[in-house]
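Sequential numbering from 1 along the given sequence is applied to the chain's residues.
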Amino acid sequence: MAPVAPKSGDAIFASVDRVNAELFTLTYGAIVRQLLTDLEEVEEVNKQLDQMGYNIGVRLVDEFLAKSNVSRCVDFRETAEVIAKVGFKMFLGVTASVSNWDAEGTTCSIILEDNPLVDFVELPDTCQGLYYCNILSGVIRGALEMVSMKTEVTWLRDMLRGDDVFELQVKLLKQVPEEYPYKDDE
């Protein structure tokens, strides 16, 4: 029997159950708005969105691996490409690109030209420090941690702040060695 080939982001997106894009966008907007009301400080909202994303990423990686048939990536560069081309397409319906690699191959940028989370969004002057899509940085960080990569994910450019694209910088801090369960039968 031949091995199962990995699915492309488009193939996975076509086969995955989806919710209405406008409902998704408006629900996310309501969550951000409620956080702004409850926490009052924009920096606290940024932290909360990142933590929410982290918790989602920790769980989302299982679904991604189950549905995508992606085999183990050989390095951080390949992992970033899979996130951009397959992960973003599978869960958000958009394809991202990876660029701006450093010489060591430990830092790159994931660039989104289209982001469904920001449809219908304009940031008021009181929220200029808000990283509205900070949940995405948490999702990437959480998912990568589950595959043994400790990372730091930060926003470099944001279309809601007048930039031409959304750009996330992903920096590999360390590759965590896999730990195997203790064998108690010895």
Closest non-hydrogen contact found for I83 with I110 is CG2-CD1, 4.1 Å
Pair up each side-chain donor or acceptor in residues 112-130 with any protein partner under 3.5 Å, not counting sequence neighbours, and list the distances.
| from | atom 1 | to | atom 2 | distance (Å) |
| --- | --- | --- | --- | --- |
| N115 | OD1 | L117 | N | 3.0 |
| Q128 | NE2 | P124 | O | 3.0 |

Of all the heavy-atom pairs spanning A143 and V61, show the shortest one and how long it is.
O-CG2, 3.9 Å
Atom pair CD (Q175) and CZ (F76), whose distance is rounded to the nearest 0.5 Å:
9.5 Å
Flag the pair L35 / M52 as yes when at least one side-chain heavy-atom distance between them is below 4.5 Å, and no otherwise.
yes
What do the steps show when you test E152 against L172 for side-chain contact (heavy atoms from CB on, under 4.5 Å), and what is the final call?
CA-CA 7 Å; E152 179 181 282; L172 178 65; over 6 Å; no
Do F64 and V82 make a side-chain contact, defined as non-hydrogen atoms from C-beta onward lying under 4.5 Å apart?
yes
Would a 4.5 Å heavy-atom cut-off, applied to side chains only, mark F88 and I140 as touching?
yes
Please determine if E63 and K67 form a salt bridge, counting it only when a charged side-chain N lies under 4.0 Å from a carboxylate O.
yes
Within the side chain of D158, is there an N or O that forms a donor-acceptor pair under 3.5 Å with the backbone of F166?
no
For D75 and E78, the nearest pair of non-hydrogen atoms, with its separation, is OD1-N, 2.9 Å
Given L156 and L168, is the side-chain contact (heavy atoms from CB on, under 4.5 Å) satisfied, shown in steps?
CA-CA 6 Å; L156 297 181; L168 280 161; over 6 Å; no
Rounded to the nearest 0.5 angstrom, the NZ-OG1 distance for K89 and T95 is 4.5 Å
Using side-chain heavy atoms (C-beta onward) and a distance below 4.5 Å, is V98 in contact with V170?
no
Minimum heavy-atom distance between C108 and A80, given as atom pair plus value
SG-CB, 3.9 Å
Under a 4.5 Å cut-off applied to non-hydrogen side-chain atoms, are Q48 and L39 in contact?
yes
N100 versus E167, side-chain donor and acceptor atoms under 3.5 Å:
yes
Identified side chain to side chain donor-acceptor pair (under 3.5 Å) partner of R141 from the options T151, D50, T154:
D50
Atom CH2 of W101 and atom OG of S109: how far apart are they, to the nearest 0.5 Å?
9.5 Å
Tell me, yes or no, whether the heavy-atom count around R161 atom CZ, taken from other residues, nucleotides or ligands under 6.0 Å, exceeds 12.
yes
Over 60° means perpendicular and under 30° means parallel, so classify the ring planes of Y131 and W155, tilted if in between.
parallel
Non-hydrogen side-chain atoms of L49 and Y132 separated by less than 4.5 Å:
no
Validation row: D38, Q34 side chains within 4.5 angstrom (heavy atoms)
yes
Tell me every residue that passes side-chain contact (heavy atoms from CB on, under 4.5 Å) with D102, counting only those two or more places apart in sequence or in another chain.
E104, T106, T107
If the condition is side-chain contact (heavy atoms from CB on, under 4.5 Å), which residues does N55 pass it with, not counting sequence neighbours?
Q51, R59
